[in-house]
Student: 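I'd like to ask some things about the structure below.
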Number of protein chains: 2
Amino acid sequence: MENLPLRFESIFSADCIIFGFDEGELKVLLIERNEEPFKEWFALPGNFVYENESIDEAAERILYELTGLKGIYMQQFYTFGEVNRHPQGRVITVAYFAMIRLNGQKELKPVTNYARKAVWVSVKDLPQLAFDHTEIFKKGFEKIKNKISYQPIAFELLPEKFTLTQLQNLYEVILNKKLDKRNFRKKMLAYDILKELDEKQKGVSYRAAKLYKFDKRKYSKYFHNELSFGKE
Amino acid sequence: MENLPLRFESIFSADCIIFGFDEGELKVLLIERNEEPFKEWFALPGNFVYENESIDEAAERILYELTGLKGIYMQQFYTFGEVNRHPQGRVITVAYFAMIRLNGQKELKPVTNYARKAVWVSVKDLPQLAFDHTEIFKKGFEKIKNKISYQPIAFELLPEKFTLTQLQNLYEVILNKKLDKRNFRKKMLAYDILKELDEKQKGVSYRAAKLYKFDKRKYSKYFHNELSFGKE
DNA sequence: AATATACGGTGTATTTTTTACACTAAGTGA
DNA sequence: TCACTTAGTGTAAAAAATACACCGTATATT
């Protein structure tokens with residue numbers, strides 16, 4: 001093959017790993033493909049980057065088309081550019097992860113034509129994915145496992161008001177390990193990035209827990225403190 | 001503008017931040033551009049990704065063309081895709097950093113035509129760079145500052161055999177802070193990733209220090225231990 | 001009203017890690 | 001042999017991480 005710049009017939013796309021937390025499980029939003037190749041396979045949501053948009057904007061658009069949500073926490077984490085990753089030609093993809101608050105609603109009606117439907121799947125039983133999306137998912141999951149220990153991204157997955165137990169559960173699910181309740185609370189409160197509310201949990205059949213919310217102001221003051229829940 | 005996939009007229013490139021350590025200074029390899037736009041400006045070495053190569057291969061090629069070196073430690077760290085980052089059209093670039101052993105040699109004869117020459121510049125007095133390369137450099141430098149504290153990448157910049165003082169100097173230069181000699185040695189040796197050699201430093205006009213080398217075998221045993229020189 | 005149930009919420013002692021700190025030893029060059 | 005320069009070393013104090021168990025309180029049940 002000749003040495004030509006990737007100019008014609010080359011395409012790039014952005015793919016998104018969209019995480020949600022529901023009923024104690026960490027979930028990913030997958031689409032069922034409506035087009036060849038890999039028609040009817042599950043895949044990460046993704047689409048081409050248009051000429052007039054940045055890659056970040058493309059990622060935001062993909063998320064919006066699927067969920068109707070804007071202003072969501074998203075982060076680029078890796079670019080996949082193997083020559084044969086796409087069976088129909090050269091495609092380079094920039095991968096993002098995003099975290100959204102589920103708040104119970106689970107049905108999504110994607111407005112894109114490349115997907116026939118979108119479903120939330122627990123990360124524990126992820127099906128085989130189209131293209132190299134399984135690899136992309138693994139890399140992104142590793143990334144957030146890592147990142148959650150030193151940056152307050154977990155809050156993005158919880159309702160605005162949450163209990164410390166809910167927060168701990170989320171950490172436990174992502175890190176896939178049990179944490180000690182007293183130590184977790186001590187540490188989390190010591191970071192001083194949570195605001196204790198006057199409200200309490202409702203609708204539980206036992207003693208209601210205090211609600212907290214993430215305090216962005218306080219956080220930015222201490223931006224350098226790394227949260228650490230890695231070793232316990 | 002229409003919403004078209006970035007198919008025609010779109011280009012991507014790989015840009016490399018190539019670090020070297022010499023005479024106690026951290027340096028970057030810059031090229032002086034030989035072509036418009038930004039002719040005669042300094043820039044990060046970079047080139048288009050060809051159709052028949054992965055992005056990683058493109059990055060390796062760029063490094064090879066400039067330095068004649070292969071098998072160098074390189075890592076992708078971010079992809080820059082703003083619409084107007086290149087004055088002549090849409091270019092997306094995947095950025096890498098690389099670390100090479102300088103061993104004194106400083107003259108490089110680039111064999112590419114986009115560069116008239118390549119020079120080592122201290123990171124402390126980096127000139128203005130073409131395109132958004134200053135931003136790319138900053139992001140990459142942050143990345144290695146971060147990474148050096150938990151992965152043994154610093155060794156890539158040193159000669160195969162080095163003294164603990166040389167290693168400490170390198171950490172100090174990258175982290176831009178003084179470290180305590182005793183604590184540095186204690187910690188570094190405790191990781192048990194260095195092999196003490198029988199040899200000593202030569203050609204110094206004072207007591208010669210012991211030489212060490214990085215022991216990859218030992219390192220992979222304890223791959224999970226994060227080196228940490230972040231807080232002192 | 002009494003009781004059972006389930007989670008909420010709290011403190012302390014121990015171990016480990018990090019930090020701060022200063023002098024003698026050894027080799028070189030004059 | 002003396003002056004100079006860097007090599008090489010240990011300990012004590014502070015901070016952070018860990019391990020660990022019980023009572024309190026709201027709700028549901030009888």
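Order of the sequence lines sets the chain letters (A, B, ...), proteins ahead of strands, with each chain counted from 1.
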Student: May I have the distance from B:Leu179 (atom CG) to C:dA20 (atom C1'), rounded to whole angstrom?
Tutor: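 These atoms are roughly 14 Å apart.
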
Student: Looking only at atom types and distance, does a side-chain atom of A:Asp215 sit under 3.5 Å from a main-chain N or O of A:Lys218, one as donor and one as acceptor?
Tutor: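 Yes, A:Asp215 side chain to A:Lys218 backbone: donor-acceptor pair under 3.5 Å.
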
Student: Hey, is the side chain of A:Thr165 poking within less than 4.0 Å of OP1 or OP2 on C:dC7, counting only N and O atoms?
Tutor: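 For C:dC7, OP1/OP2 do not have a side-chain N/O of A:Thr165 under 4.0 Å.
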
Student: Specify the separation, in whole Å, of atom CZ of B:Phe184 and atom C1' of C:dC21.
Tutor: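 Distance, rounded to whole Å: 18 Å.
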
Student: With a cut-off of less than 4.0 Å, is there a side-chain N or O of A:Arg185 near OP1 or OP2 of C:dG9?
Tutor: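 Yes, because at least one side-chain N or O of A:Arg185 sits under 4.0 Å from OP1 or OP2 of C:dG9.
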
Student: What I want to find out is whether A:Lys210 reaches A:Glu196 closely enough, with some N-O distance under 4.0 Å, to be called a salt bridge.
Tutor: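 A:Glu196 and A:Lys210: salt-bridged.
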
Student: So which nucleotide from D:dC20, C:dT19, C:dC21 ends up closest to the side chain of B:Lys187?
Tutor: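 Nearest to the side chain of B:Lys187 among the choices is C:dT19.
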
Student: Does B:Lys186 get its side chain close enough to the base of C:dT17, under 3.5 Å, for a donor-acceptor pair?
Tutor: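 Side chain to base: no pair present.
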
Student: Once you round it to whole Å, what is the distance between C1' of D:dG24 and NZ of A:Lys200?
Tutor: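 One finds 11 Å between C1' of D:dG24 and NZ of A:Lys200, rounded.
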
Student: Between the two ends of the helix from C:dA1-D:dT30 to C:dA30-D:dT1, what is the bend in degrees, rounded to 10 degrees, where each end axis spans five pairs?
Tutor: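 It works out to 10° between the end axes.
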
Student: CG of B:Asn183 versus P of D:dA7: gap in Å, rounded?
Tutor: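 For the pair B:Asn183 CG and D:dA7 P, the rounded distance is 17 Å.
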
Student: If you check every side-chain atom of B:Lys210, which of D:dG8, D:dG10, C:dG8 has the closest atom?
Tutor: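 The closest nucleotide is D:dG8.
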
Student: B:Phe162 pairs by ring-ring contact (aromatic ring centres under 6.0 Å, His included) with which of B:Phe155, B:Tyr212, B:Phe214, B:Tyr171?
Tutor: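 Of B:Phe155, B:Tyr212, B:Phe214, B:Tyr171, ring-ring contact (aromatic ring centres under 6.0 Å, His included) with B:Phe162 is met by B:Phe155 alone.
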
Student: Counting side-chain heavy atoms from CB outward, which of C:dA26, C:dC7, C:dA20 is closest to B:Arg207?
Tutor: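 Among the listed nucleotides, the one closest to the side chain of B:Arg207 is C:dA26.
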
Student: Map B:Thr163 and A:Val204 onto DNA chain D by nearest heavy atom, then report which one ends up closer to the 5' terminus.
Tutor: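 The residue whose closest nucleotide sits nearer the 5' end is B:Thr163.
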
Student: Roughly, in whole Å, what's the span from CD in A:Gln168 to P in C:dG8?
Tutor: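 Going from A:Gln168 (CD) to C:dG8 (P), I get 10 Å.
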
Student: Quickly work out the A:Asn169 CG to C:dG8 C1' distance and round it to whole Å.
Tutor: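 Rounded to whole Å, this separation is 13 Å.
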
Student: Measuring centre to centre across the rings, with the benzene-like ring taken for any Trp, is B:Phe21 within less than 6.0 Å of B:Phe19?
Tutor: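 Centroid distance B:Phe21-B:Phe19: not below 6.0 Å, so no.
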
Student: Given atom CD of A:Gln166 and atom C1' of C:dG8, what is their separation to the nearest angstrom?
Tutor: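 Those two atoms, CD and C1', are 13 Å apart.
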
Student: Let me spell it out: for each of A:Ser205 and A:Leu164, pick the nucleotide of DNA chain C with the closest heavy atom. Which residue's pick is nearer the 5' end?
Tutor: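 Whichever sits nearer the 5' end wins; that is A:Ser205.
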
Student: May I ask you to check whether B:Tyr96 and B:Phe77 place their ring centers less than 6.0 Å from one another?
Tutor: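 No, too far apart.
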
Student: Ignoring hydrogens and geometry beyond distance, is the side chain of A:Arg182 in donor-acceptor contact with the base of D:dA19 at under 3.5 Å?
Tutor: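 Counting by modelled atom types and ignoring angles, no donor-acceptor contact under 3.5 Å is found here.
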
Student: Side chain of A:Lys181 only, please: which of D:dG10, C:dT10, D:dA7 is the nearest?
Tutor: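 From the listed options, C:dT10 comes nearest.
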
Student: Tell me the interatomic distance from A:Met188, atom CE, to C:dT10, atom P, rounded to whole angstroms.
Tutor: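 Whole-Å distance recorded here is 16 Å.
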
Student: So if I take every side-chain heavy atom of A:Tyr206 and compare against C:dC7, C:dT28, D:dG8, which nucleotide ends up nearest?
Tutor: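 From the listed options, C:dC7 comes nearest.
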
Student: I'd like to know if the side chain of B:Glu32 and the backbone of B:Lys117 have a donor-acceptor N/O pair within less than 3.5 Å.
Tutor: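 Flag not set: sc B:Glu32 to bb B:Lys117 has no pair under 3.5 Å.
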
Student: Compute whether any side-chain donor of one residue and acceptor of the other, for A:Lys147 and A:Gln75, lie under 3.5 angstrom apart.
Tutor: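 Yes.
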
Student: Run the side-chain hydrogen bond (donor to acceptor under 3.5 Å, both in side chains) check on A:Tyr219 and A:Asp192 step by step: do they pass?
Tutor: CA-CA 8 Å; A:Tyr219 173 67; A:Asp192 194 31; over 6 Å; no

